[in-house]
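Below is one structure, written out as structure tokens; comments come after it.
Everything quoted here is computed from the prediction, not taken from an experiment.
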Amino acid sequence: MYMINWTMLRDFRQFMEANHLINLDEKVLVAISGGIDSVVLGHLFHRCQFDMALAHCNFQLRGSGSDKDQMFIEELSLKWNVKAFTKRFETEKLAADEGISIQMAARNQRYEWFERIMLQNNFSKISTAHHKNDHIETILFNLTRGTGLTGLQGIPVQRENIIRPLLFATKQQIIDYANSEGLIWREDQSNEDSKYKRNFIRNDIIPRLKTINPNLEVSLSRTATYLSQVGEVFEDEMTKIANATLQVSGDDITIDLDNIKPQSRTDAFLSFQLLKYNFNPRQIETVLRNLSGTGLLFDSSTHRLNIDRGKLFLVPQRTDFEYHELEKATEIVETRYYSLEFRVVDSDVYEIKKDNSLAAFDVQSIQYPIIIRNWRDGDYFRPLGMEGKKKLSDFMIDRKIPLNLKQRQLILSSGNDIAWVIGQQISDKFRITGKTSKVLEIKMLPKDD
């Protein structure tokens, strides 16, 4: 005979109410692996009579064990009289195709699939079974890697539509609840293998720390809550500095170090910003030591940072190559960062303008096809007013063009010669002269977005 664990039910309800996680009239999708944590989570929602369904990912990583997990979930859903969504994923193939870890491939597949289920079936929340022990493992894991204030806050109770209503409970409380309710579950033996970093923290480090403080879970959770409160105040202050400091143009960000007020908060502000763009702590330390440098580049998984004359330039990582070939003068050409508008004008009515966004050429000097492309090492051209050629790389150094803008610099060539370093300078070979009868004008136009 099993007894209902009223204490766990009460604490579960109270935790959700206190953190405003979900209302009784909302539908919840419960992510369930078949392990004890997710089975207990599903059972608690079932006991509380929520409108719920189960979602199980079969990543096919444990041979027949993965299929048995799926069968277990399907049987459990029949027992609880709730719907179960199950899906098999080619996880190892995806990881190999995309060049990412199996863990990352599994995570990406999981949440993309959950989102599709939610949209198609009107679920308002996804619930995962992270508990207090997962919380402290995450804190310790982030601490060993080196992290900002956010990492030391552990696992958030809610992020967008993902809720974690078991964060109030320790692993032992979950085990006690499962036993008191007579629940069965599937064991994943990989959780015991300490070759995985998190398992090493769970199985080796935490037990040793608990010899110093038996209430480690409670103490670290309390610390994380305090850091979360401090983090809110800190983030508000950093946001104020950002609003006065950052210049945003599309996806590009410029940070003028002179505009950070007070200057004493420069290191804190830059660390906060760069962590958001996936720069690691070691990179950030190097950046902070070299703020007076010029031409320094740092790459994160998502962004490139360029330090140049007291400014920091952040641009998304892009590997796409631009190439446009025109067989005749057209009306407009779209590049990634701007549009180019073409028009032909009689020279006797054309007025030359001093504007780097405009280029005017003698039509007779233009040979087709015109090619618009990224600049390359080894490119030369003859700047307007010069007798000889100049390496394009040297020209851009003389113009003090930041490295992030050099990366996206396009040139327009005619025949075998560069006619225009777009937005910078035309070639003397293509200039308008007294003999020019027709002018080809090309104008840079900013993108609407």
So, do [X] and [Y] sit near enough that their side-chain heavy atoms are less than 4.5 Å apart?
{"X": "S221", "Y": "H135", "value": "yes"}
{"X": "D417", "Y": "F381", "value": "no"}
{"X": "F85", "Y": "F123", "value": "yes"}
{"X": "L41", "Y": "V30", "value": "yes"}
{"X": "I155", "Y": "R164", "value": "yes"}
{"X": "R431", "Y": "L384", "value": "yes"}
{"X": "R62", "Y": "D69", "value": "yes"}
{"X": "D37", "Y": "H131", "value": "yes"}

Problem - Working for side-chain contact (heavy atoms from CB on, under 4.5 Å), residues T254 and L312 - result: CA-CA 6 Å; T254 301; L312 274 62; over 6 Å; no
Has the side chain of [X] got a donor or acceptor atom that lies under 3.5 Å from a matching backbone atom of [Y]?
{"X": "S427", "Y": "A419", "answer": "no"}
{"X": "S271", "Y": "A268", "answer": "no"}
{"X": "T170", "Y": "Q173", "answer": "yes"}
{"X": "D256", "Y": "D258", "answer": "yes"}
{"X": "E441", "Y": "F361", "answer": "no"}
{"X": "Q283", "Y": "D299", "answer": "yes"}
{"X": "D379", "Y": "R376", "answer": "yes"}

Problem - Pairing residues for R116 by the salt bridge (Lys or Arg N to Asp or Glu O under 4.0 Å) criterion, not counting sequence neighbours - result: none
Is it true that the side chains of [X] and [Y] contain a donor and an acceptor less than 3.5 Å apart?
{"X": "T436", "Y": "D362", "answer": "yes"}
{"X": "Q109", "Y": "T91", "answer": "yes"}
{"X": "S33", "Y": "S38", "answer": "yes"}

Handout entry: Pairs flagged by salt bridge (charged side-chain N to carboxylate O under 4.0 Å, His left out) wherever residues 262-291 is involved - sequence neighbours left out
Key = E237-R265
Completion exercise
Contacts satisfying salt bridge (charged side-chain N to carboxylate O under 4.0 Å, His left out) that involve residues 218-235 (not counting sequence neighbours) are none
Exercise for the section: Could you go through the side chain to side chain donor-acceptor pair (under 3.5 Å) check for Q367 and S414 one step at a time? Expected result: CA-CA 5 Å; Q367 299 178 43; S414 172; 5.6 Å; no
Problem - Cationic N near anionic O, under 4.0 Å, E217 to K132 - result: no
Handout entry: Ion pair check, K311 and D308, cut-off under 4.0 Å
Key = no
With a sphere of 6.0 Å drawn around [atom1] of [X], does it hold more than 12 non-hydrogen atoms of other residues, nucleotides or ligands?
{"X": "K353", "atom1": "NZ", "value": "yes"}
{"X": "Q364", "atom1": "CD", "value": "no"}
{"X": "K443", "atom1": "NZ", "value": "no"}
{"X": "Y226", "atom1": "OH", "value": "no"}
{"X": "E325", "atom1": "CD", "value": "yes"}
{"X": "K389", "atom1": "NZ", "value": "no"}

Problem - Within 45° cone and under 6.0 Å: K391 NZ/CZ vs F395 ring - result: no
Practice task
Flag this pair as yes if the NZ/CZ of R304 is under 6.0 angstrom from the six-membered ring centre of F298 and inside a 45 degree cone about the axis; otherwise no.
Solution key: no
Fill in the blank from the handout: Sorted by chain and number, sequence neighbours left out, ring-ring contact (aromatic ring centres under 6.0 Å, His included) with Y338 holds for none
Exercise for the section: Return each pair, listed once, that meets ring-ring contact (aromatic ring centres under 6.0 Å, His included) where at least one residue sits in residues 240-279; pairs must be two or more places apart or across chains. Expected result: F234-F272, Y277-H303
Problem - Parallel, tilted or perpendicular: ring planes of F89 versus W113, cut at 30 and 60 degrees - result: perpendicular
Practice task
Looking only at non-hydrogen atoms, find the nearest pair between A242 and Q273 and report the distance.
Solution key: CB-NE2, 3.9 Å
Handout entry: S219: side chain to side chain donor-acceptor pair (under 3.5 Å) partners, not counting sequence neighbours
Key = N213
Distance, nearest 0.5 Å, that separates [atom1] of [X] from [atom2] of [Y]:
{"X": "I126", "Y": "R110", "atom1": "CD1", "atom2": "CZ", "result": "9.0 Å"}
{"X": "Y350", "Y": "L440", "atom1": "OH", "atom2": "CG", "result": "9.5 Å"}
{"X": "R202", "Y": "D204", "atom1": "CZ", "atom2": "CG", "result": "11.0 Å"}
{"X": "L216", "Y": "I139", "atom1": "CG", "atom2": "CD1", "result": "9.0 Å"}

Practice task
Step by step, work out the side-chain contact (heavy atoms from CB on, under 4.5 Å) result for M118 and N161.
Solution key: CA-CA 10 Å; M118 288 188 66; N161 56 11; 3.6 Å; yes
Exercise for the section: Evaluate side-chain contact (heavy atoms from CB on, under 4.5 Å) for V315 paired with D251, printing each intermediate quantity in order. Expected result: CA-CA 7 Å; V315 297; D251 294 330; over 6 Å; no
Problem - CA sep, side-chain torsions, deciding dist, call: T302, N278, side chain to side chain donor-acceptor pair (under 3.5 Å) - result: CA-CA 7 Å; T302 57; N278 300 305; 2.9 Å; yes
Problem - Full working for side-chain contact (heavy atoms from CB on, under 4.5 Å) between L21 and K125 - result: CA-CA 9 Å; L21 297 185; K125 299 290 171 60; 5.7 Å; no
